[in-house]
Amino acid sequence: QVQLVESGGGLVQAGGSLRLSCAASGGTFSTYRMGWFRQAPGKEREFVAAIRSGFTTFYADSVKGRFTISRDNAKNTAYLQMNSLKPEDTAVYYCAADRNGGNPYVDRLRGYDYWGQGTQVTVSS
């Protein structure tokens with residue numbers, strides 16, 4: 001079993017930045033595909049970014065050019081650097097991990113087996 005714990009959320013003004021962290025335990029982190037998803041009130045959970053074990057990255061169009069996903073395998077941690085934040089980025093952000101190693105659902109909830117509890121990001125206008 002894999003445990004994921006997010007941190008780094010908070011309040012920020014539009015145009016500001018935050019860095020989210022996802023600490024993983026319970027497995028071999030370096031082999032996982034890691035993802036970030038978010039869910040705003042009244043909305044479905046949506047894909048934000050993902051990074052493969054080989055460091056290939058994927059981004060939703062809504063965050064491309066503003067957000068950067070990364071990982072530090074020595075620390076068993078994934079990160080989401082969020083710059084130029086907008087009010088529409090306000091949501092609970094969830095970290096996810098996939099140990100499958102080959103499923104194609106990089107931007108879908110079904111592509112991930114393990115989830116953190118989420119961290120709130122609020123962007124004021």
Looking at residues at least two apart in the chain, or sitting in another chain, which of them share a salt bridge (charged side-chain N to carboxylate O under 4.0 Å, His left out) with Arg66? Asp89

Could you name each residue pair satisfying ring pair (Phe, Tyr, Trp, His ring centres under 6.0 Å) that touches residues 54-86, not counting sequence neighbours? none

Does Glu88 have any side chain to side chain donor-acceptor pair (under 3.5 Å) partners at least two apart in sequence or in another chain, and if so, which?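 Partners of Glu88 under the side chain to side chain donor-acceptor pair (under 3.5 Å) test: none.
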
Tell me every residue that passes side chain to side chain donor-acceptor pair (under 3.5 Å) with Tyr32, counting only those two or more places apart in sequence or in another chain.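 Side chain to side chain donor-acceptor pair (under 3.5 Å) check on Tyr32 returns nothing, list empty.
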
Testing the basics here: between Tyr112 and Ala50, what is the closest heavy-atom pair and its distance to 0.1 Å?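 Of all heavy-atom pairs spanning Tyr112 and Ala50, the closest is OH-CB, 3.4 Å.
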
Where is the tightest heavy-atom contact between Val48 and Val63, given as atom of each residue plus distance? O-CG2, 3.5 Å

Salt bridge (Lys or Arg N to Asp or Glu O under 4.0 Å) pairs, two or more places apart, involving residues 13-22: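 Of all non-adjacent pairs touching residues 13-22, none passes salt bridge (Lys or Arg N to Asp or Glu O under 4.0 Å).
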
Greater than 12 external heavy atoms within 6.0 Å of Gln120's CD: yes

Counting neighbours of CZ on Arg45 that are heavy atoms of other residues, nucleotides or ligands and sit closer than 6.0 Å, is the number greater than 12? yes

Geometric cation-pi criterion Arg38 and Tyr94, 6.0 Å radius, 45° cone: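 That pair does not qualify as a cation-pi contact.
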
Tell me every residue that passes ring-ring contact (aromatic ring centres under 6.0 Å, His included) with Phe47, counting only those two or more places apart in sequence or in another chain.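 Phe47 satisfies ring-ring contact (aromatic ring centres under 6.0 Å, His included) with Phe37 once adjacent residues are dropped.
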
Step-by-step side chain to side chain contact (heavy atoms under 4.5 Å, CB included) determination, Leu18 to Val121: CA-CA 9 Å; Leu18 285 173; Val121 172; 3.9 Å; yes

Do the non-hydrogen side-chain atoms of Gln81 and Ser70 ever get within less than 4.5 Å of each other? no

Less than 3.5 Å apart, any donor N or O on the side chain of Asn103 or Arg33 sitting next to an acceptor on the other?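 Side-chain D/A pair, Asn103 to Arg33: present.
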
Among side-chain atoms of Asp72 and Thr77, is any donor-acceptor pair under 3.5 angstrom?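 Not at all, the side chains of Asp72 and Thr77 share no donor-acceptor pair under 3.5 Å.
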
